[in-house]
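Notes for the one structure printed next.
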Amino acid sequence: MPAPLRYKVSLPEGAVVRQTCELSSPIIRLVPLDEIVDIKAKCYSNHPASHCIPRFRLADGSGWVSERLNREPPEDVPVLALQSALEPTDLDDGPNGSGGGG
């Protein structure tokens, strides 16, 4: 990803943050609805093999979230909604340099 991206959690149940890109990795925390997260990388899960899931790495390094739910259409609704692209220095402007990652 050339520039970090800012997303808003759009799923009413919130966004599950996992330790790695894989859906089988441990859950770290839940980011609530309407919270802003900054994303610095994208990958695809290896499983399920028939339906690899786009995953985003939080800019603060705390884990990975799914772009959409791991369900068949039309139930594969978005978890995050794109808000804006950031300048690389925007990630350092928070009080703890966390970049709004949750």
Side-chain angles (χ1 to χ4, degrees):
M1 229 174 253
L5 300 175
R6 180 159 284 170
Y7 282 83
K8 185 179 196 178
V9 176
S10 59
L11 188 69
E13 297 84 6
V16 173
V17 178
R18 292 188 179 272
Q19 187 173 21
T20 72
C21 183
E22 292 306 321
L23 298 174
S24 59
S25 68
I27 293 174
I28 303 297
R29 64 187 171 101
L30 184 71
V31 181
L33 175 67
D34 293 332
E35 182 138 341
I36 299 296
V37 293
D38 294 333
I39 303 300
K40 69 176 181 180
K42 181 177 183 178
C43 75
Y44 291 84
S45 65
N46 288 325
H47 300 285
S50 63
H51 188 73
C52 296
I53 305 298
R55 305 274 290 151
F56 294 134
R57 184 176 179 103
L58 297 177
D60 67 3
S62 65
W64 295 77
V65 294
S66 294
E67 180 180 25
R68 308 180 78 71
L69 287 181
N70 181 22
R71 298 190 181 150
E72 293 297 321
E75 296 177 1
D76 62 338
V77 296
V79 173
L80 304 171
L82 180 62
Q83 299 297 297
S84 63
L86 302 174
E87 294 296 323
T89 56
D90 288 347
L91 291 177
D92 297 326
D93 65 0
N96 299 317
S98 66

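Starting from 1, each residue takes its place in the sequence as its number. Computed from a predicted model, the values in this text were never measured in an experiment.
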From [X] [atom1] over to [Y] [atom2], what is the distance, rounded to the nearest 0.5 angstrom?
X: Ser25; Y: Trp64; atom1: OG; atom2: CH2; answer: 10.0 Å
X: Cys43; Y: Ile53; atom1: SG; atom2: CD1; answer: 11.0 Å
X: Leu11; Y: Asp34; atom1: CG; atom2: CG; answer: 11.0 Å

(request) Would you indicate whether the side-chain heavy atoms of Glu67 and Leu80 approach each other to under 4.5 Å? (result) no

(request) Side-chain contact test, heavy atoms from C-beta onward, threshold under 4.5 Å: evaluate it for Ile36 versus Arg6 and give yes or no. (result) yes

(request) Is it possible for you to say whether Val77 and Leu33 belong to one hydrophobic cluster, with membership spreading through side-chain heavy-atom contacts below 4.5 Å? (result) no

(message) Could you work out, with side chain to side chain donor-acceptor pair (under 3.5 Å) as the rule, every residue matching Arg55, not counting sequence neighbours?
(response) Ser66

(request) With sequence neighbours excluded, tell me which residues meet side chain to side chain donor-acceptor pair (under 3.5 Å) with Ser84. (result) none

(request) Please answer whether the main-chain N or O of Lys40 pairs with a side-chain N or O of Arg57 as donor and acceptor at a distance below 3.5 Å. (result) no

(message) Which heavy atom of Val79 sits nearest to which heavy atom of Ala15, and what is that distance?
(response) CG1-CB, 3.5 Å

Could you tell me which residues satisfy side-chain contact (heavy atoms from CB on, under 4.5 Å) with [X], sequence neighbours excluded, listed by chain and number?
X: Pro78; result: Ser10, Arg68
X: Ile28; result: Val17, Gln19
X: Glu22; result: Thr20, Ser24, Ser45, Asn46, His47

(message) Taking transitive links into account, so neighbours of neighbours count too, which hydrophobic residues share a cluster with Leu30 at under 4.5 Å side-chain distance?
(response) Val16, Ile27

